[in-house]
Amino acid sequence: MNVLELFKGITTFVFDVDGVLTDGTVLLLENGLQARQMHVKDGLALQMALRNGYRVFIISGGSSEPVIRRLQYLGVEEIHLGLKDKLKFFETIREQLGLNWNEILYMGDDLPDIPVLEKAGLSCCPKDAVAEVKMVSKFISSVKGGKGCVREVIEKVLKLNGHWHYTIEVSSR
């Protein structure tokens with residue numbers, strides 16, 4: 001099967017944070033805070049997916065209030081951080097929503113992501129994912145984590161389904 005056919009049937013995006021939405025670097029600041037950076041092109045793609053009725057879930061073993069605030073600002077409501085067992089958590093959500101694995105795109109970059117990648121209908125990873133993740137991924141992005149890999153997969157799904165169009169939301173005031 002052509003991998004593009006798998007992109008066409010996606011209704012739900014699930015993304016890891018560190019190494020996918022960020023480049024995996026944690027900047028340790030003098031005040032004890034840890035800073036991460038996210039790419040604005042990934043942010044716009046997340047907004048476009050949500051505006052077109054796709055489900056977007058963020059799941060991560062780590063936890064960061066600034067990450068939560070950024071994702072909420074973009075309109076993402078399903079943010080689940082501090083997870084010990086990503087697969088168990090997502091199997092519960094999948095069953096509650098009545099989702100089939102074949103309509104789920106999961107993007108991860110490191111060893112804790114492998115159990116979900118093995119189940120997802122479309123397993124994806126950034127260009128700089130670890131070798132074990134690349135081995136189980138059906139699609140390897142041409143872009144590194146935190147540099148637009150999320151945009152790349154969302155754009156493919158939306159374009160294949162005729163949903164890739166930018167509109168400005170104007171207030172009705």
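Note: hydrogens, waters and symmetry copies are ignored here, and every other heavy atom, side chains too, is used. Positions are given from 1 along the sequence. Only a predicted model underlies this, so the values are computations on that prediction, with no experimental measurement involved.
Both V56 and V17 are assigned to one and the same hydrophobic cluster, defined by single-linkage of ILVMFWY side chains at heavy-atom distances under 4.5 Å. No chain of hydrophobic side-chain contacts below 4.5 Å, direct or via other Ile, Leu, Val, Met, Phe, Trp or Tyr residues, connects V153 to V116. Placement of V40 and L74 in two distinct hydrophobic clusters is found when ILVMFWY residues are connected by side-chain heavy-atom separations under 4.5 Å, directly or transitively. Clustering ILVMFWY residues whenever any of their side-chain heavy atoms sit less than 4.5 angstrom apart, transitively, puts V157 in the very cluster that holds L50. By the rule that hydrophobic residues join a cluster once side-chain heavy atoms approach within less than 4.5 Å of another member, L4 and L6 end up as members of one cluster.
Two residues are said to be in side-chain contact when any heavy atoms from C-beta on lie closer than 4.5 Å; L21 and L46 meet this criterion. Taking 4.5 Å as the limit, every side-chain heavy atom of P126 sits out of range of all side-chain heavy atoms of V143. A 4.5 Å side-chain heavy-atom check between R55 and L99 finds at least one atom pair inside the cut-off.
Using a 30° and 60° split on the angle between ring planes, F90 and W101 fall in the tilted class, from 30° to 60°. Using bins of under 30°, 30° to 60° and over 60° for the plane-to-plane angle, the ring pair F89/H80 lands in the tilted bin.
Nearest approach of I79 to I68, heavy atoms of both residues: CD1-O, 3.9 Å. Between G19 and D109, the shortest heavy-atom contact is CA-OD2, 3.4 Å. When every heavy atom of I10 is checked against every heavy atom of I104, the shortest pair comes out as CD1-C, 3.7 Å. Heavy-atom minimum distance, M48 versus Y166: CE-N, 4.0 Å. When all heavy atoms are compared, the tightest approach of G43 to R70 is CA-NH2, 4.2 Å. Across all their heavy atoms, V133 and G108 have their closest contact at CG1-O, 3.5 Å.
Taking OG1 from T12 and CG from L122, the interatomic distance works out to 12.0 Å, rounded to the nearest 0.5 Å. One finds the CG atom of L117 at 5.0 Å from the OG atom of S137 (value rounded to the nearest 0.5 Å).
Remark: the backbone N or O of E103 is not paired with any side-chain donor or acceptor of N100 at under 3.5 angstrom. Between the K134 side chain and the F139 main chain, no donor and acceptor come within less than 3.5 Å of each other. At least one donor-acceptor pair under 3.5 Å links the side chain of K138 to the backbone N or O of G121. Looking only at distances, a side-chain donor or acceptor of D128 sits under 3.5 Å from a matching main-chain atom of G145.
More than 12 heavy-atom neighbours from other residues, nucleotides or ligands sit within 6.0 angstrom of CD on E78.
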Handout entry: Step-by-step side-chain contact (heavy atoms from CB on, under 4.5 Å) determination, M38 to V67
Key = CA-CA 9 Å; M38 294 181 166; V67 167; 3.7 Å; yes
Exercise for the section: Could you go through the side-chain contact (heavy atoms from CB on, under 4.5 Å) check for S64 and R36 one step at a time? Expected result: CA-CA 9 Å; S64 166; R36 294 165 172 84; 3.6 Å; yes
Problem - W164 and N52: CA distance, side-chain angles, deciding distance, side-chain contact (heavy atoms from CB on, under 4.5 Å) verdict - result: CA-CA 9 Å; W164 187 253; N52 280 283; over 6 Å; no
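Q37 and T25 form no side-chain donor-acceptor contact under 3.5 Å, judged by distance and modelled atom types alone. Counting only N and O atoms by type, the side chains of S141 and E152 include a donor and acceptor under 3.5 Å apart.
With ring centers used as reference points, F13 lies 6.0 Å or more from F57.
Taking the charged nitrogens against the carboxylate oxygens, K86 and D113 do have a contact shorter than 4.0 Å, which makes a salt bridge.
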